Q: 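My questions all concern the structure below.
Given the structure is predicted, the values throughout are model-derived calculations rather than measurements.
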Amino acid sequence: MQVRRTIHFWAFAAVISICPLPLGANRPWSWSVLAVTVGILVLLIPWANTNRSIIPRNLYRALAPPATLVGLSLAWAVLQTSTFLPDSWSHPVWSVAAAAVAQPANFVGRVAVDLGAARTELMLFLVYGAVFWIALQYGRSRGRASLLLDIILVSTALYALYGLVALTIGGDTVLGREKFAYQGELTGTFINPNHFATYLGLGLLCACASFALYFSRSRGQLGRLKWSGLLGYAAVVLVLLTALLATSSRAGLVAVACGLLVFGGTMLVAVTEPGAARARAIATLLVLFVLGWAIAGFALSTVWYSIAGADDRHRVYEIVVALIAERPWLGHGLGSFAPVFAEARPYTVTQIWTEAHNGYLELTLELGLVAAGMVLFSLAWLAGLCVRGLAVRRRDLAYPGAGLAACGLVSTHALVDFSLQIPAVTTVWMTILGVAVGQSWAMPRRRSRVPTDGASSAQELPSKQNGEP
């Protein structure tokens with residue numbers, strides 16, 4: 001069984017490491033390969049006999065609400081593409097299409113506008129959920145949890161190093177091909193430097209978490225740390241920071257800074273405040289993070305891009321809000337932003353927008369207020385599980401800290417960009433979050449084997465309850 005588990009683990013690690021290589025897995029063939037591979041790994045979980053046996057029941061109960069809400073939202077996304085809903089719920093574009101083909105009587109409308117895009121997005125949602133579930137299984141083991149973070153750290157550093165070398169020697173190329181956009185900016189194996197910045201930020205958080213674990217296991221004494229380890233971490237962080245600055249992504253830098261501040265704050269609280277005082281300190285930190293997140297979002301969405309000259313962005317947001325108001329409960333269909341916005345785009349908006357550059361608005365436009373709210377609430381619930389881990393755990397707090405910081409990073413960047421629509425970015429985030437949630441629960445207490453008269457081979461350790469010694 002151990003051999004099977006090892007093979008399964010390294011296959012999963014290989015998927016996480018390789019998926020950023022083909023342009024962030026943001027092409028139909030690459031995300032299809034990712035979906036098939038992750039699907040196979042999920043089916044092989046019973047064969048690999050992962051750590052499900054040590055997942056406590058209360059963790060399953062804690063995961064039930066977000067799993068239910070995401071399941072309901074995906075079920076609604078499926079219904080949007082079906083013909084089971086009332087005709088009055090169908091999108092008006094289907095009536096126009098029926099009139100264009102002169103078949104109004106036999107033409108059946110749907111809520112979703114782009115059926116192919118909806119099915120693709122459904123597939124990717126399932127992939128991300130499966131990645132989280134596999135990472136949760138292995139995240140219950142301290143050794144494998146640490147190894148997963150190290151694998152993300154090393155692979156991110158290698159992609160950053162490749163990007164720096166390619167920009168210096170190869171010029172404006174991606175994997176040997178000429179860039180069609182963002183010349184002179186570091187993009188690594190991605191097309192967009194903003195998305196690469198988010199990916200680098202996640203790797204930087206893994207570096208911080210890995211070093212925090214290394215430091216804590218040295219009993220918090222610098223004298224116990226090896227120079228080779230310190231130099232290794234310093235070199236990796238230097239490469240990641242250099243690549244991050246070379247992306248010239250201002251929104252990416254703000255988001256990464258937000259993530260680092262969250263992680264640093266959680267580690268500071270964990271070190272200085274034990275027990276109940278730590279819980280109060282974490283609650284205070286969470287309030288400050290929400291306030292900072294709101295301020296950062298306001299600055300990014302109203303000031304930053306005005307200075308950068310992207311005046312179209314504000315008009316786009318206004319149009320998206322108006323489109324949401326047209327169908328606030330039904331939505332326009334998962335993945336249908338591009339055709340819906342193209343139909344509504346006025347002549348004053350000169351650029352072609354295939355994404356809203358705001359993940360919250362785009363998700364609400366596509367799924368409607370209720371279904372989009374369920375997805376966002378589910379992600380907030382998982383972040384809350386990390387907060388719970390910070391409040392109750394006594395060791396390895398870098399894991400839930402990294403999970404909460406990663407949520408802060410990607411949620412901030414989602415205010416002004418669409419990096420979470422890049423499969424490689426969301427796959428790495430779900431891996432970190434799965435490990436973090438897995439380590440937010442203490443391991444079940446093991447029974448101690450004591451010699452008996454044959455009546456039982458395992459008994460609980462003696463307790464002091466009811467006057468017992």
Q: Side chains of Thr266 and Leu404: closer than 4.5 Å at any heavy-atom pair?
A: yes

Q: Atom CD in Gln421, atom OG1 in Thr354: separation rounded to 0.5 Å?
A: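 So the CD of Gln421 and the OG1 of Thr354 are separated by 8.5 Å.
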
Q: With a 4.5 Å limit on heavy-atom distance, are the side chains of Leu79 and Ser82 in contact?
A: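 Heavy-atom side-chain distance check passes, below 4.5 Å.
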
Q: Roughly how far, to the nearest 0.5 Å, is the CD atom of Glu366 from the CG atom of Leu330?
A: 14.5 Å

Q: For Gly143, is there any backbone N or O sitting under 3.5 Å from a side-chain donor or acceptor partner on Ser146?
A: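 No; judged by distance alone, with no hydrogens or angles, the pair does not exist.
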
Q: Go through the steps to decide whether Tyr399 and Ser440 satisfy the test side-chain hydrogen bond (donor to acceptor under 3.5 Å, both in side chains), and finish with yes or no.
A: CA-CA 8 Å; Tyr399 291 115; Ser440 295; over 6 Å; no

Q: Could you measure the distance from the NE2 atom of His195 to the OG1 atom of Thr187? Nearest 0.5 Å is fine.
A: 11.5 Å

Q: Taking atom types as modelled, find out whether Tyr128 and Thr427 have a side-chain donor-acceptor pair closer than 3.5 angstrom.
A: no

Q: Compare every heavy atom of Leu161 with every heavy atom of Val239, then report the nearest pair and how far apart it is.
A: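 Closest approach of Val239 to Leu161: CG1-N, 4.0 Å.
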
Q: Is the shortest heavy-atom distance from the side chain of Leu122 to the side chain of Leu74 under 4.5 Å?
A: yes

Q: I would like to know whether Ile45 and Leu41 meet side-chain contact (heavy atoms from CB on, under 4.5 Å); could you show each step before the answer?
A: CA-CA 6 Å; Ile45 283 179; Leu41 290 175; over 6 Å; no

Q: So, His357 and Tyr317: side-chain donor and acceptor under 3.5 Å apart, yes or no?
A: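 No.
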
Q: For the residue pair Leu397 and Met267, establish whether any side-chain heavy-atom pair is separated by less than 4.5 Å.
A: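 A side-chain contact exists here, since the closest heavy-atom pair is under 4.5 Å.
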
Q: Would you say Gln439's side chain and Gly139's backbone share a donor-acceptor pair under 3.5 angstrom?
A: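 It does hold such a pair.
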
Q: Mind checking ring-ring contact (aromatic ring centres under 6.0 Å, His included) for Tyr182 and listing every partner two or more places apart, or none if nothing turns up?
A: none

Q: Any side-chain heavy atom of Phe337 within less than 4.5 Å of one from Val320?
A: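 Side chain of Phe337 against side chain of Val320, heavy atoms only: contact under 4.5 Å found.
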
Q: May I ask you to test the Val437-Leu63 pair for a side-chain heavy-atom distance under 4.5 Å?
A: yes

